[in-house]
Amino acid sequence: QVQLVESGGGLVQPGGSLRLSCASAGSNFSIYTMYWYRQAPGKQREWVAGITGTGSTNYEDSVKGRFTISRDNAKQTIYLQMNSLKPEDTAIYYCHHPDGTWGQGTQVTVSS
């Protein structure tokens, strides 16, 4: 299994921005579709966004137009740029590899 380490979470006011990173240690990173998920308090983990090895992206409806997923295959890292953040975006954000690996998560709190 690969190892995934997320970073970049924090406390931000509504309307603010954050950029999450997920660094991967493993082979053949560039061929895998990678994903961001999130889990809000008391709720199930939900899919947020995905990006293929060639850079095609898709998003959960509530984040379309506000979040952007990207990747740097040379650095074996994916990113999630989150703009116009809302209190309902508050959650622990996880990256996910299709071999089943999850990162440890990074907390995002949107509050005034």
Side-chain angles (χ1 to χ4, degrees):
Q1 278 191 330
V2 302
Q3 289 184 320
L4 301 173
V5 178
E6 299 99 334
S7 61
L11 173 64
V12 63
Q13 291 187 341
S17 298
L18 282 174
R19 188 193 195 207
L20 307 183
S21 300
C22 172
S24 172
S27 59
N28 300 317
F29 174 81
S30 64
I31 70 173
Y32 292 108
T33 298
M34 295 290 294
Y35 305 94
W36 284 102
Y37 282 73
R38 65 186 178 185
Q39 187 166 16
K43 294 187 176 181
Q44 290 190 333
R45 193 170 298 187
E46 65 175 3
W47 170 77
V48 175
I51 184 166
T52 69
T54 55
S56 296
T57 60
N58 57 350
Y59 300 91
E60 191 270 329
D61 285 347
S62 72
V63 308
K64 283 180 181 176
R66 299 189 299 122
F67 290 10
T68 302
I69 188 172
S70 61
R71 68 191 296 158
D72 184 333
N73 287 334
K75 295 182 179 179
Q76 297 201 165
T77 300
I78 66 168
Y79 305 95
L80 188 67
Q81 177 67 44
M82 305 185 296
N83 299 329
S84 301
L85 281 161
K86 305 175 181 180
E88 52 263 44
D89 295 317
T90 295
I92 301 174
Y93 284 72
Y94 300 89
C95 61
H96 181 57
H97 189 281
D99 76 351
T101 302
W102 295 90
Q104 84 288 354
T106 186
Q107 176 71 49
V108 172
T109 303
V110 185
S111 176
S112 55

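Side chains are part of it too, since the values below use all heavy atoms of this structure and drop only hydrogens, waters and symmetry mates.
What you find for Val63 and Val48 is that their closest heavy atoms are CG2-O, 3.8 Å. Closest non-hydrogen pair, Tyr59 versus Thr68, comes out as OH-CA, 3.4 Å.
Among residues at least two apart or in separate chains, ring pair (Phe, Tyr, Trp, His ring centres under 6.0 Å) pairs with a member in residues 92-112 are Tyr32-His97, Tyr37-His96, Tyr37-Trp102, His96-Trp102.
The main-chain N or O of Lys64 is never found under 3.5 Å from a side-chain atom of Glu60 such that the two would form a donor-acceptor pair. For the pair Arg66 (side chain) and Ser84 (backbone), a donor-acceptor distance under 3.5 Å is present. Between the side chain of Gln76 and the main chain of Ser24, a donor-acceptor pair closer than 3.5 Å is present. The closest donor-acceptor contact from the side chain of Glu6 to the backbone of Cys22 lies at 3.5 Å or more, if one exists at all.
Atom CD of Gln44 sits in a sparse spot, with 12 or fewer heavy atoms from other residues, nucleotides or ligands closer than 6.0 Å. Within a 6.0 Å radius of CD in Gln3, other residues, nucleotides and ligands contribute 12 heavy atoms or fewer.
With respect to Ser111, the side-chain contact (heavy atoms from CB on, under 4.5 Å) criterion is satisfied by exactly one of Thr90, Leu85, Leu11: Leu11.
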Steps toward side-chain contact (heavy atoms from CB on, under 4.5 Å) verdict (Ile78, Cys95): CA-CA 8 Å; Ile78 66 168; Cys95 61; 4.0 Å; yes

Applying side-chain contact (heavy atoms from CB on, under 4.5 Å), run through Arg38 and Ile92 and close with a yes or a no. CA-CA 5 Å; Arg38 65 186 178 185; Ile92 301 174; over 6 Å; no

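Note on Met82: it does not cluster hydrophobically with Tyr35, by side-chain heavy-atom contacts below 4.5 Å among ILVMFWY residues.
If you check the side chains of Asn83 and Ser17, you find a donor sitting under 3.5 Å from an acceptor.
Rounded to the nearest 0.5 Å, atoms CG (Asp89) and OG1 (Thr109) are 11.0 Å apart.
For the pair Arg19 and Tyr79, the cation-pi test (distance below 6.0 Å, angle within 45°) is passed.
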